[in-house]
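Have a look at the structure below, then the notes.
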Amino acid sequence: MINRLLIANRGEIAVRVARACRELGIEVVAVYSTADRHSAVVEMADEAVHIGPPAPRASYLHVPNVVEAALRSGADAVHPGYGFLSEDPDFAEICEAEGLTFVGPPPEVMQLMGNKATARRLMADAGLPLLPGVVDPVRTAEEALRIAAGIGYPVIIKAAAGGGGRGMTVVRRPEDVPEAFVTTQTVARAVFRDPTVYLERYLSGARHVEVQVLCDAHGAGISLGERDCSLQRRHQKLLEEGPAGHLTQAQRDELGALAVHGALSVGYTGAGTMEFLVDDEGHASFMEMNARIQVEHPVTELLTGVDLVRQQLLVAGGEPLRLRQEDVAVRGAAIECRINAEDPARGFAPAPGRLDVLRVPDGPWTRFDTGYRQGDEVSPHYDSLLGKLVVWAPDREQALRRMDRALAELQVEGPGVHTTAALHRALLRDPDVRADRHDVQFLDRRLPDLVVRAAAIAASREPALPAALRGPLHLVPDGGPAVPSLPHPCPEEDTVMPFTQADLMQLLTEKTGLPPEAHTTDPDAHFVDVGLDSLAFLSMQTALQDRFGTAMPDDDPDAYTFGEIVETVRAAASQPA
């Protein structure tokens, strides 16, 4: 069992690991750079060790300093978190050689799975499906051209040692291959110190689905469900959710079984994720494995009730998994928004500074993981992640609403500080996101419009997501019983409910995101005339049924004009109760 653990990281993941250690009775050693000397995890720790100046390569990435801090503090284990040294097999091997338990997979497994080309070959050998491409490194641009011609365009050139959304170039034409090949190699050499690249078919319109696995050192492994991570900007995730509602239960079960089989086939231990691309027919193809805890692990924790960091520590301490696959139950829906200190209006430029105000959301099933407190400085030297806002609800619609409410409560203010919170609220209002029909290219396609919408939301401080299922407000007068208010003034007996086409347009804006400038007063107009589709029509049907008790018998939006919809609502309202 681990007795004293050094956390080789900073920020929210360091705080998260420290909390898990506290609950397990494990003593905590924090390391910190000069910039983080007053950070939350330093104050939480039993001991804190200064490991260098702010620059990561002189502190959090400086292996000798980190290992020396562990040995001098009497730690018997090291948790790398995510990022920094978390997927460095050399660091894991040095820890092992110094008698330190590394909370993660064995160094040799990390080495194999950290190289994407090698990982593809191993998973192909294990029977996992792959996209058309190669499993071996591609050495020259000429070779890349031959391979691309064989698998068909578009293709994606990837750094074999890549990660974090870097070292990937999509190529749609043969004439662009040579330049893209050289560019990707250059980035790979500069960022990952390994110029090796490989090619695979680029799947347009795909969803990014990752499966959370947990394996022990005794040959047991389980899947804890999957997360959809398709809302990405340039391969960097912004919002994650689970479960993947676009998959059937049978597809989810199959994906989970494949992930566990693949992880066990290489001797994996600890928490990790198997990453897949899923096409619009639900066919999945293995992409890569992340051999560490993921930023978005709280989504799975809320869905399953399993503390993944606790399980990491227990497995690293040599304990067998006490969970069996049949013990894992995924309930409800969970969403995580990454709140970054970035300015979307300036191309997501980092926006660090002092946090004069940091008021985080609260309420039922609402969680905010952060390493910052009010008054702290967001450093320009590190990742811009300010915190992770995570919510759970019984279903996705309620989770979307809860997330919007939580985002509205979040207050972050300080000189020069901007965040992505308003952009997340704009995303939640997008009809394609609400209907769960986005893909991995969605955000890059729609970003300009979303940034404009986000600015408007931030300026107006919109209080809530437009409601389809908003219940009546109950006001309680002094000394009297509760009297329910109605969504419209109560009509007198034998009068027609005052529902107008303007009311219908407002309902469509609330439920489907119809822009106000698209509103029409033409009673002969149809849904298609204002750019709405059949899914928008179904959303309206649900809203009319719940708000006004009005049923629209035909599911075809072309069957009704807006004038006919208004008259149907009025006719239903005029019927005796």
Side-chain angles (χ1 to χ4, degrees), residues 87 89 109-210 229-230 232-236 258-259 262 265-266 274-291 439-442 444-445:
E87 292 183 281
V109 175
M110 191 183 297
Q111 181 77 49
L112 291 171
M113 300 311 291
N115 185 289
K116 294 180 181 180
T118 303
R120 279 172 54 86
R121 176 174 52 78
L122 290 171
M123 292 303 101
D125 292 344
L128 272 66
L130 302 181
L131 286 169
V134 293
V135 295
D136 296 315
V138 179
R139 305 297 179 186
T140 66
E142 291 74 21
E143 185 182 355
L145 275 166
R146 289 196 300 272
I147 293 168
I151 64 178
Y153 290 89
V155 299
I156 185 167
I157 305 173
K158 289 186 176 182
R166 293 175 293 180
M168 293 185 278
T169 308
V170 177
V171 185
R172 302 185 184 280
R173 304 179 303 170
E175 53 267 35
D176 297 331
V177 168
E179 181 180 353
F181 182 85
V182 172
T183 299
T184 309
Q185 270 196 329
T186 302
V187 170
R189 181 182 292 106
V191 177
F192 308 110
R193 292 176 289 175
D194 181 354
T196 306
V197 300
Y198 68 97
L199 263 72
E200 67 183 17
R201 180 70 183 271
Y202 181 68
L203 190 61
S204 299
R207 302 289 289 257
H208 183 161
V209 177
E210 61 187 24
C229 306
S230 301
Q232 308 174 6
R233 174 185 171 267
R234 297 180 181 174
H235 309 294
Q236 291 277 356
L258 282 171
S265 73
V266 294
M274 303 291 279
E275 314 272 319
F276 296 87
L277 279 179
V278 181
D279 66 20
D280 54 10
E281 295 182 354
H283 299 138
S285 300
F286 172 80
M287 284 197 303
E288 63 187 32
M289 183 179 197
N290 284 306
D439 56 38
V440 292
Q441 291 92 35
F442 170 84
D444 289 331
R445 289 194 308 265

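- The CE atom of M289 lies 10.5 Å from the CE atom of M110; values are rounded to the nearest 0.5 Å.
- Listed by chain and residue number, K116 satisfy the side chain to side chain donor-acceptor pair (under 3.5 Å) test with E288 (two or more places apart in sequence, or in another chain).
- Partners of D176 by side chain to side chain donor-acceptor pair (under 3.5 Å), not counting sequence neighbours, listed by chain and number: R173.
- Residue pairs meeting the side chain to side chain donor-acceptor pair (under 3.5 Å) criterion with at least one partner in residues 140-159, sequence neighbours excluded, are K158-E200.
- Here the straight-line distance linking atom OH of Y198 with atom OG1 of T118 works out to 10.0 Å at 0.5 Å rounding.
- D194 CG to N115 CG: the interatomic distance, rounded to the nearest 0.5 Å, is 6.5 Å.
- R139 places a side-chain heavy atom less than 4.5 Å from the side chain of P137.
- One distance of note links NE2 of H235 with CG of D444; it measures 7.5 Å at 0.5 Å rounding.
- Contact check for V440 versus S230: side-chain heavy atoms found under the 4.5 Å cut-off.
- Every residue meeting the salt bridge (Lys or Arg N to Asp or Glu O under 4.0 Å) condition with R207, not counting sequence neighbours, appears here in chain and number order: D228, D436.
- For R445, the side chain to side chain donor-acceptor pair (under 3.5 Å) partners two or more places apart in sequence, or in a different chain, are D439.
- If you take CG on L277 and CE on M287, they are separated by 4.5 Å, rounding to the nearest 0.5 Å.
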For residues 177-189, which side-chain donor-acceptor pairs fall under 3.5 Å, sequence neighbours excluded?
from	atom 1	to	atom 2	distance (Å)
T183	OG1	E179	O	2.9
T184	OG1	T169	OG1	2.7
T184	OG1	A180	O	2.7
T186	OG1	V182	O	2.8

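- Counting heavy atoms from C-beta outward, L128 and F276 have side chains that approach closer than 4.5 Å.
- Between the side chain of R120 and the main chain of V134, a donor-acceptor pair closer than 3.5 Å is present.
- Counting only distance, with no hydrogens or angles, the side chain of E275 and the backbone of H208 share no donor-acceptor pair below 3.5 Å.
- The side-chain heavy atoms of M123 and M113, taken from C-beta on, include a pair separated by under 4.5 Å.
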